[in-house]
Chemist: 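Below: one structure in structure tokens.
Each chain gets a letter, A, B and so on, in the order the sequences are listed, and its residues count up from 1.
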2 protein chains.
Amino acid sequence: MAPRPRKPAARGRKGDVAADEAVYGAIRRVMHMGRLSPGTKLQEPVLARVLKVSRERVRKALHRLVHEGWLTAVPNRGTFVPALSVEEMRDIYDVRTMLEEAIVRRLSDRPGSQVMQRLKAHIAEERTANRRNDRGRLFALSGEFHILLAELCDNEELTKLLRGLLTRSTMHFSLAAPQRLHDCAGPHEHGDIVQAILDGKPERASKLMLAHLHGLVALQSTRPAAQTVSLDEAFRDVSPIRSRA
Amino acid sequence: MAPRPRKPAARGRKGDVAADEAVYGAIRRVMHMGRLSPGTKLQEPVLARVLKVSRERVRKALHRLVHEGWLTAVPNRGTFVPALSVEEMRDIYDVRTMLEEAIVRRLSDRPGSQVMQRLKAHIAEERTANRRNDRGRLFALSGEFHILLAELCDNEELTKLLRGLLTRSTMHFSLAAPQRLHDCAGPHEHGDIVQAILDGKPERASKLMLAHLHGLVALQSTRPAAQTVSLDEAFRDVSPIRSRA
DNA sequence: ACTTGACGTAATGTGCACATTATTTTACCA
DNA sequence: TGGTAAAATAATGTGCACATTACGTCAAGT
């Protein structure tokens, strides 16, 4: 009763179910780029102003990110980029090892023709990026390789889980990491794993994957000092929707 | 400007950070009890009235449950108890197999004294419940066994992941399931797995776990017709806080 | 008699205003 | 001048009102 005179009309525009995904993806993308150093406080008004959306939209996205483990929320304090402890890092890589060893074992048991084809195509892409010294592309491909292995198992749940683990484990890779990634691991180890799968050698593939992940966790330790930037700079050109990481 | 005359004061009571966990746990508990048949629509006003909380509180809990995969949300339609397809069920059990095979392998490699003690204590509890024909207790213990194995690996991430998988896979166990669980699997298979771990036989433990999970997924198929009850009845005596499942 | 259209009702989604709490600034005193 | 306390400021948390959308009902037309 007694309707207020204001409130003209047409507020939420149209079916903006994609707006949620947009802000969610934007924050996720910035984190994936490593622009946010651990401990950074993601304050809602700033994000709302930068992303040109309402505060509640930002709020919902932050809650989702917290639930998924990518951010940590302190009651009445705010939402922060988590500083993964060495124990958490070890835990994540241990679970990754369990899953990915099982994955390569399964793929080695019955390497179908489509599996072989996609694996060889991916390795070829990595080799190309390596030859051209395209660090960024190689970095992206290195992550997608592990996702590809999960996808080839034809298990949605597995793919989703591994996606989360991989994102959280490579989140804090600094911008200097691709250099070392190029020097040390590179597409060489990936190629060996694929070769073992194609040869139908589960135990060899499993061993190689274990060694590969051990090498990655060693790389993680050597990250330079985190450069603290303001939120406005971090979210400069991340407004559009694009594809999901 | 122009502050409305109403709005007396003292609205949000006190630090009610526990209220969120309360409604979250209440819904989760009802689902765990199997009172909600797949396809049931969880409407916010009803839950708010039954649980004696505001609609926004219910809303937040539902969003969290959706993000964690225990409910599915259809935009502008509502939140529903998911009817897991056979493919999703297969996927979940496949991932569980991967993780739990790795778990028992790891535990078999170096069974510490504390590990041995807790495992034997758990098996003793299961035997007691089985002897007393306490179906409910045995059902709960059967689930906790798998969680216990994960906890003994001393990996928080692993425990959290397996908790989610197990809850989702045993969520739709009907009330008649404990009967068959008692007849078929029972504490016998669990005891064999523990024995293999204590003997330090990783391959045998892994094989037993694989067979055990295969048996469980076979049990899942034989669930009776879902009894549809109203939300008011389902949430009858689930208001208090209690412990988390 | 069955289908199709419009209308009424109820539930979901969202912006907004306010209360509460933490943080920073400032003023005062030892 | 350094330290402490209090006020100001800003950010988070939440209830509420309203818009939008879907569902159920009924009536009219073919």
Chemist: Round to a whole Å and report the spacing from CZ of Arg64(B) to C1' of dG13(D).
Modeler: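 Result: 17 Å.
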Chemist: Using the side-chain heavy atoms of Gln43(A), tell me which of these nucleotides is nearest: dT12(D), dG15(D), dG13(C).
Modeler: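 Closest nucleotide to the Gln43(A) side chain: dT12(D).
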Chemist: When you measure from the side chain of Arg57(B), which nucleotide among dT12(C), dT14(D), dG13(D) comes out closest?
Modeler: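 Ranking dT12(C), dT14(D), dG13(D) by closest atom to the Arg57(B) side chain puts dT14(D) first.
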Chemist: Using the closest heavy atom to pick a nucleotide of DNA chain D for each, name whichever of Glu56(B) or Lys41(B) lands nearer the 5' end.
Modeler: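 Taking each residue's closest nucleotide, the earlier one in sequence belongs to Glu56(B).
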Chemist: Is any side-chain heavy atom of Leu161(A) closer than 4.5 Å to a side-chain heavy atom of Val95(B)?
Modeler: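 Of all side-chain heavy-atom pairs linking Val95(B) with Leu161(A), at least one is under 4.5 Å.
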Chemist: For Lys60(B) and dG13(C), what is the distance between atoms NZ and P respectively, to the nearest whole Å?
Modeler: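 Nearest whole value for this atom pair: 16 Å.
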Chemist: Look at the rings of Phe145(B) and His122(B) and say which category their plane angle falls in: under 30° parallel, 30 to 60° tilted, over 60° perpendicular.
Modeler: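 Correct class here is tilted.
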Chemist: Could you state the atom-to-atom distance from CG of Asp20(A) to P of dT12(C) in whole Å?
Modeler: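 Atom-to-atom, Asp20(A) to dT12(C), this comes out as 17 Å.
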Chemist: Pick the nucleotide of DNA chain C nearest each of Gly78(B) and Pro75(A); which residue has the one closer to the 5' end?
Modeler: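 Final value for this comparison: Gly78(B).
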Chemist: On the side chain of Arg55(B), is there an atom forming a donor-acceptor pair with the base of dG13(C) - under 3.5 Å, no angle test?
Modeler: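 A donor-acceptor contact between them is present.
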Chemist: Tell me the interatomic distance from His63(A), atom NE2, to dG13(C), atom C1', rounded to whole angstroms.
Modeler: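 From His63(A) NE2 to dG13(C) C1': 16 Å.
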Chemist: Can Arg28(A) be said to sit on top of Trp70(A)'s aromatic six-ring, NZ or CZ under 6.0 Å from centre and within 45° of the ring axis?
Modeler: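 Pair Arg28(A)/Trp70(A) counts as cation-pi.
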Chemist: I'd like to check the salt bridge (charged side-chain N to carboxylate O under 4.0 Å, His left out) partners of Glu44(B); sequence neighbours left out, ordered by chain and number.
Modeler: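 Glu44(B) satisfies salt bridge (charged side-chain N to carboxylate O under 4.0 Å, His left out) with Arg55(B), Arg59(B) once adjacent residues are dropped.
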Chemist: Within the pair Arg59(A) and dG13(D), is there a side-chain N or O less than 4.0 Å away from OP1 or OP2?
Modeler: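 Answer is yes, contact under 4.0 Å.
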Chemist: Go through dT12(D), dT21(D), dG15(D) for me and flag the one nearest to the Asn76(B) side chain.
Modeler: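 Per side-chain heavy atoms of Asn76(B), the pick is dT21(D).
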Chemist: What is the distance from CG of Leu62(A) to P of dT14(D), rounded to the nearest Å?
Modeler: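 For the pair Leu62(A) CG and dT14(D) P, the rounded distance is 15 Å.
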Chemist: Does the pair Glu233(A)/Arg35(A) count as a salt bridge with the N-to-O cut at 4.0 Å?
Modeler: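 No salt bridge links Glu233(A) with Arg35(A).
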Chemist: Is Arg77(A) near enough to dT23(C) that one of its side-chain N or O atoms lies under 4.0 angstrom from OP1 or OP2?
Modeler: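 So the side chain of Arg77(A) is within the cut-off, an N or O lying under 4.0 Å from OP1 or OP2 of dT23(C).
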Chemist: Mind calculating the distance between CD (Glu44(A)) and C1' (dT20(C)) to the nearest angstrom?
Modeler: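 Taking CD of Glu44(A) and C1' of dT20(C), I get 14 Å after rounding.
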